[in-house]
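Structure, as structure tokens:
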2 protein chains.
Amino acid sequence: MTMSDYDELIHSLRERGHRLTPQRRLVLEALQHGDHHMSADEISQTIIAHYPSISVDPTTIYRTLRWLRDVNLVSETSLGQNHMVYALLGSDDHHHLVCENCNGVIEIDPSILEPVRRELQARYGFAARLAHISIFGLCARCQMGDAVTR
Amino acid sequence: MTMSDYDELIHSLRERGHRLTPQRRLVLEALQHGDHHMSADEISQTIIAHYPSISVDPTTIYRTLRWLRDVNLVSETSLGQNHMVYALLGSDDHHHLVCENCNGVIEIDPSILEPVRRELQARYGFAARLAHISIFGLCARCQMGDAVTR
DNA sequence: TAGCTATCTGCAAACAGTTGCATCTGTATT
DNA sequence: AATACAGATGCAACTGTTTGCAGATAGCTA
Ligand SMILES: [Mn+2]
Ligand SMILES: [Mn+2]
Ligand SMILES: [Zn+2]
Ligand SMILES: [Zn+2]
């Protein structure tokens, strides 16, 4: 996202009554810093590492992440662990295949879901938010023989 | 599922070292009784209602539901609430479109995802468990104007 | 620049689900 | 029918996330 895109976005959010608070800036900055997905706790740790004197309550981090998801800036994804992971939307577009047996994650081309998105819009008028999602199942190796490892 | 299918299933699970305990029977019975999806708590309440003298620990209910999911007897689905819902697989096949704005749920024809399932198997050797899932997004009404209700 | 107010934050408490561990039991074997 | 033991249960403690509420503040308005 360019800087002017960002300014424009903030402006349009303000028009709708949203505020850009220091806490929200810190969460956004943490997400930009980490180049992978991050858990709420990793975001918290990143903020502490960069600004040891500032503290952002976990509740605020969770609420900020929900807000960022709702305004379509951030994806919220389960990778089969017992916590969600968050990532800025816009670049490194992909989805995940998550093996329920070995917990392995395969990243896949997002175009595979485009026909589904189009059909949901056409048939049900539904605008699916299919960005950076997970599909659960069994990877090739785990399909043959239940012998588990990893 | 017919009775002999059921017997056969139990037999094959036993062969793989699984046990059919009273607790597991009770959870299965509760799921058969309720004709919709049920939360863990609703399953618990149903068991209490039918057998006031018996008590099944919530931990056991959660573990049983995970087991039933892993052996492919039950689906585990988020409908946008902060708890999962569970349903016996096999009949009333459908998926859900869940509106993130108004929380409405639309049930859809499951065949829409078959091409995706086939392509994931062909291209990645991945056997997707795409049964009774949810797709999140915005329903037709909520796409026009952010005026929220419901 | 100060005032106003809807929005946001922090804290405490609650909730849904998971994990570790000691004990118990379903099932195969005898 | 008795034995043996892998696998299941219950309890307590814990983790990740949400909610209610009182007080603080971003950003509009004058
Ligand atoms: Mn990813
Ligand atoms: Mn359903
Ligand atoms: Zn696997
Ligand atoms: Zn809606």
Side-chain angles (χ1 to χ4, degrees), chain A residues 7 9-28 37-45 47-48 51 53-71 74 76-86 100 103 136 146-148, chain B residues 7 9-28 37-45 47-48 51 53-71 73-86 100 103 146 148:
Chain A
D7 287 349
L9 180 74
I10 296 304
H11 180 72
S12 88
L13 287 173
R14 272 193 193 143
E15 279 185 333
R16 286 181 267 167
H18 298 282
R19 294 179 188 171
L20 192 54
T21 63
Q23 291 87 342
R24 288 180 172 184
R25 284 179 196 274
L26 288 167
V27 170
L28 272 169
H37 348 95
M38 302 177 85
S39 66
D41 190 59
E42 285 169 339
I43 290 166
S44 195
Q45 296 306 321
I47 293 172
I48 291 169
Y51 303 94
S53 61
I54 300 178
S55 103
V56 181
D57 193 88
T59 309
T60 300
I61 292 180
Y62 283 112
R63 282 197 275 232
T64 298
L65 289 168
R66 170 174 291 199
W67 170 70
L68 287 168
R69 161 166 76 71
D70 290 343
V71 300
V74 159
E76 182 187 51
T77 310
S78 165
L79 256 25
Q81 314 300 127
N82 57 7
H83 56 80
M84 294 287 147
V85 293
Y86 300 84
E100 290 178 322
N103 296 118
F136 296 87
D146 277 1
V148 190
Chain B
D7 287 349
L9 180 74
I10 296 304
H11 180 73
S12 88
L13 288 174
R14 273 193 193 142
E15 279 184 333
R16 284 182 268 166
H18 298 282
R19 294 178 188 174
L20 192 54
T21 62
Q23 291 88 341
R24 288 179 171 184
R25 284 180 196 276
L26 289 167
V27 170
L28 272 169
H37 347 95
M38 302 176 85
S39 65
D41 189 59
E42 285 169 340
I43 291 166
S44 196
Q45 296 307 320
I47 293 173
I48 290 168
Y51 304 94
S53 60
I54 300 177
S55 103
V56 181
D57 192 89
T59 308
T60 299
I61 292 181
Y62 283 113
R63 281 197 273 231
T64 297
L65 289 168
R66 170 174 290 199
W67 170 71
L68 288 167
R69 159 166 78 72
D70 289 344
V71 300
L73 283 176
V74 159
S75 61
E76 181 186 51
T77 310
S78 165
L79 256 25
Q81 314 301 127
N82 56 9
H83 56 81
M84 293 287 146
V85 292
Y86 300 85
E100 289 178 323
N103 297 119
D146 277 2
V148 191

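Below, chain A is the first sequence line, B the second, and so on; all start at residue 1. Everything quoted here is computed from the prediction, not taken from an experiment.
Atoms CG (A/Leu26) and C1' (C/dG10) sit 15 Å apart, rounded to a whole Å. A/Leu20 has its CG atom 12 Å from the P atom of D/dC28, to the nearest Å. Taking atom CD on A/Glu42 and atom C1' on D/dT17, their separation rounds to 16 Å, with Å as the unit. We find that CD1 of A/Ile47 is positioned 13 Å from C1' of C/dT9, with the value rounded to whole Å. A/Arg16 places its CZ atom 17 Å from the C1' atom of D/dG27, with the value rounded to the nearest Å. Between the CG atom of A/Asp41 and the P atom of D/dG16 there is a distance of 7 Å, given to the nearest Å. Nucleotide D/dG16 holds its P atom 13 Å from the CD1 atom of A/Ile43, rounded to whole Å. One can place NE2 of B/His18 at 12 Å from P of C/dT27, the figure rounded to the nearest angstrom.
At a threshold of 4.0 angstrom between heavy atoms, the contacts of A/Ser55 are confined to the sugar-phosphate backbone, with no base atom among them. Among the atoms of the strands shown, none is found under 4.0 Å from any heavy atom of A/Ser78.
Counting heavy atoms from C-beta outward, B/Leu28 and B/Arg25 have side chains that stay 4.5 Å or more apart.
In the interface, the side chain of A/Arg63 is not paired with the base of D/dT18 through any donor and acceptor atom under 3.5 Å apart. B/Arg19 contributes no side-chain N or O that forms a donor-acceptor pair with the base of C/dT27 under 3.5 Å. For C/dA28, its base never sits under 3.5 Å from the side chain of B/Arg14 at any donor and acceptor pair.
Note on A/Arg69 versus B/Glu100: salt bridge recorded, some NZ/NE/NH1/NH2 to OD/OE distance being below 4.0 Å.
With hydrogens and angles disregarded, a donor-acceptor distance shorter than 3.5 Å links the side chain of B/Arg24 to the backbone of B/Arg19. A/Thr64 places a side-chain N or O within 3.5 Å of a backbone atom of A/Thr60 that can act as its donor or acceptor partner.
Candidate nucleotides C/dC11, C/dA16, C/dT9 were compared by shortest atom distance to the side chain of A/Asp57, and C/dC11 ranks first. Considering only side-chain atoms of A/Thr21, the nucleotide from C/dC8, D/dT17, D/dT18 that sits closest is C/dC8.
Side-chain contact annotation: B/Asp57 with B/Thr59, donor-acceptor N/O pair under 3.5 Å present.
Of the side-chain N and O atoms in A/Thr59, none sit less than 4.0 angstrom from OP1 or OP2 of D/dT18. For A/Gln23, no side-chain nitrogen or oxygen approaches OP1 or OP2 of D/dA26 to under 4.0 Å. For A/Tyr62, a side-chain nitrogen or oxygen approaches OP1 or OP2 of D/dT17 to under 4.0 Å. At least one side-chain nitrogen or oxygen of A/Arg66 sits closer than 4.0 Å to the OP1 or OP2 atom of D/dT18.
Residue whose closest nucleotide on DNA chain C sits further toward the 5' end, between B/Tyr86 and B/Arg25: B/Tyr86. With the nearest nucleotide of DNA chain D identified for both B/Asn82 and B/Arg24, B/Arg24 has the one nearer the 5' end.
Closest approach of A/Phe136 and A/Leu79 over heavy atoms only: CE2-C, 4.4 Å.
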